[in-house]
Amino acid sequence: MLDSLLFQLMLIGAVGIGSQWIAWFSRLPAIVVMSVAGLLIGPIFGLINPSEAFGDLYGPIVSIAVAIILFEGSLNLDFRGIQGLQKPVYRIITIGALLAWVLGSLTAHFVAGLSWEVSFIIGGLLIVTGPTVILPLLRQAKLKPRPARILKWEGIVVDPFGALLAVFAFEIIRTFTSEESAFVSLVNFFMASLFAVFLGILFGRIIGWTFERGHVPEFLKSPVVLSMVIASFVISDVVMHETGLLAVTAMGMTIANLHISSISDMQHFKENISVLLISGIFIMLTASLDRATLMQIFDPQIIAYVLLMLFLVRPLSIWLSTIGTDLTFGEKALVGWIAPRGIVALTVAGYFANVLEEYNYAGASIITPLTFALVFATVCIHGFTIGPLARRLNLSKEGLPGVLFVGGSSFTTSLAQKLKEMNVPVLIADSSFEHLFNARKAGIAYYRGEILSEQSEYSLDMTPYNKIIAATDRDSYNSLVCTTFVPEFGRKDLFQLSWHQSDRNEPDELMRKVGGRVLFEKGATFEELNWKVDAGYVFKLTSLTKEYPYQSYLNDRAEDVVLIGIQKPTGRLEFFALDNAIKPEAGDKILSLSPPSNQEVKKKEELKEQSREKQMAPKPSGPSLN
């Protein structure tokens, strides 16, 4: 049974997705969990060996998966996303990559003991920090926009360049060491690279033209894109090995900057595919290692090489390449530290290990353990340190998960004020400056603009917020907002106010399928909630204890009190909704919208009277003009 290909496929999928879930549940870096899981079921316990089970299909499967992952990442490379960061990003992906190549090659030769030829090949390969490892880390760490964008662009753009540098170094070495002139091979390499870029741009333009003119129906758009990604990769790779990655990157960047109206749907589809592929491929690669390779990584020379790459080569290349840019000390320190290597490094290293051994280059036999040692070390160390280091450097949005309100009104402003007092990050977004008047007056963070517009993606940082409450006076718009953000937030954390026409305790079938979860209790509509706030109702927190449980609170509650949510002892916020039953426990605090007490009414009347007297007071006359 263990030798069955179907069983191995099932185990790879189950362990990969299971690792992702464990990482999400335990808040551990996903790539770390996947790496450990792959080692456990592969070389440690010997349950599977994908490279043997898949045979000749193993290489093509991994290569096509890497191409799709890289394309999905490059779909995010819209040039509008690096406005204000063009100089440091350009420096890092050019000068920084060149410095990392040279310094890494010197380290491989003098420390790891590799020959000059092998050193420059492995040095070019290991400059990569691809999307398979950097994107999961960015999702986990909740970095501020600037360092996150720099790391994302570097990881995606440099990924194909690393593989190409390795091929370039190999062709250069062949040119100068071969008895027969290999100059033609070098020219072919450059021509093949240009062809790959041209093919990627061409395919991207074809997709843009056909999609915008309606020549492809909606249900075929994602399959067409996926097919063309594979086609561009395979055609380029057949012309010259490893140029396929350059083709899919160029294709993705072209589509991203054409601003196709349906690109968001493609991105969501590719993100789902990418998560599945990353999970499976990481398990396959680590499970395919043998125990001899694992033992080799403890060689003192390899350990010394890894340490120098971590603590000298990467920081030095970033600091030198960003001289004269506007990056802060903290941003340079974070970017200079975070450089995890991933799937591309492992797969291309395996290819060159075989090729260089055939050519009898000294040191070729340790390329695989050397690469795996660096990959595993960077994945684990950077996976566990990116969050604490970002918080230490004040480059993280870590803290209590926040709430983004869509729609400015008396209710949202008042609720946002209360949540702010509870140290919960809040922001109110509305396209109307008038609707934001109360928020501006109360000192609440706000965003004036259309939340559904493409521009909001680049001008509004949503990192601090894990919940959205759509609370405008239009039910259809509220549903559209929630439906739009389902891929990013998940339906569990998307809420909207009750539909005006609903007078039932349970949402109907349409409300379950479209939009977000309906907030609060029966009758808590937009008009009702705003009327209560305008009438003087206030938000109150009530602590539950063992002596005063939730049932006692419900027994004491007045009929016109609206249950809003509960705050856990950790500070986490949960909202009452029609489709779930929150079970408050001792230690929780219940947030409610309650009628004001007599004392609060009296105080409010006094403030109104003082304001009225101030307005009616005679103004001092100005100086006489006579």
Side-chain angles (χ1 to χ4, degrees), residues 58-75 77 93-94 97-98 101 120-132 153-175 182-207 225-256 277 281 341-356 358-359 367 371:
Y58 177 79
I61 289 174
V62 173
S63 297
I64 290 176
V66 171
I68 295 171
I69 294 167
L70 193 57
F71 171 75
E72 188 274 323
S74 61
L75 276 180
L77 298 185
I93 65 177
T94 53
L98 180 62
W101 180 25
F120 272 93
I121 292 173
I122 200 70
L125 171 62
L126 293 181
I127 69 170
V128 299
T129 61
T132 58
W153 271 77
E154 181 201 12
I156 296 171
V157 173
V158 174
D159 210 39
F161 287 167
L164 287 175
L165 272 179
V167 177
F168 172 69
F170 179 66
E171 296 297 339
I172 287 286
I173 290 167
R174 287 184 59 198
T175 299
F183 179 74
V184 175
S185 298
L186 192 61
V187 173
N188 290 339
F189 165 76
F190 285 110
M191 295 300 293
S193 299
L194 290 175
F195 171 76
V197 173
F198 170 77
L199 187 67
I201 294 174
L202 177 64
F203 276 29
R205 291 280 182 180
I206 291 174
I207 287 175
V225 171
L226 187 61
S227 300
M228 295 191 73
V229 168
I230 296 173
S232 65
F233 171 78
V234 171
I235 293 172
S236 298
D237 218 53
V238 167
V239 173
M240 172 70 74
H241 193 62
E242 301 305 339
T243 59
L245 297 179
L246 188 60
V248 296
T249 303
M251 180 179 170
M253 290 183 67
T254 300
I255 295 175
L277 292 177
I281 298 304
R341 277 68 167 186
I343 291 174
V344 171
L346 283 174
T347 54
V348 180
Y351 165 75
F352 275 109
N354 295 329
V355 171
L356 294 174
E358 291 178 4
Y359 283 88
I367 285 182
T371 305

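When a residue number appears, it is its place in the shown sequence, counting from 1. Reckoned from all heavy atoms, side chains included, excluding hydrogens, waters and symmetry mates.
Scanning both residues, Thr243 and Asp237, for their nearest heavy atoms gives N-OD1, 3.8 Å. Across Phe71 and Val248, no two heavy atoms sit closer than the pair CD1-O, 3.6 Å. The minimum heavy-atom distance linking Trp101 with Phe120 is given by the pair NE1-O, 2.9 Å. The two atoms that bring Met251 and Gly204 nearest to each other are CG-N, 4.0 Å, heavy atoms only.
For Arg341 (side chain) and Thr371 (main-chain N/O), no donor-acceptor pair under 3.5 Å exists by modelled atom type.
Looking at heavy atoms from C-beta onward, Leu246 lies in side-chain contact with Ser193 at the 4.5 angstrom threshold. Proximity of Phe233 to Ile64: side-chain heavy atoms (C-beta onward) are separated by under 4.5 Å at one or more points.
Atom OG of Ser236 sits about 11.0 Å away from atom CZ of Phe198, to the nearest 0.5 Å. In this structure, CD1 on Ile68 lies 5.5 Å from CG on Leu277, to the nearest 0.5 angstrom.
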Worked verdict on Trp153 versus Ile93 for side-chain contact (heavy atoms from CB on, under 4.5 Å): CA-CA 8 Å; Trp153 271 77; Ile93 65 177; 5.7 Å; no

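Residues forming a ring-ring contact (aromatic ring centres under 6.0 Å, His included) with Phe190 (at least two apart in sequence, or on another chain): Phe168. Legend: residues meeting side-chain contact (heavy atoms from CB on, under 4.5 Å) with Thr254, ordered by chain and number and at least two apart, are Ile201, Arg205, Leu258.
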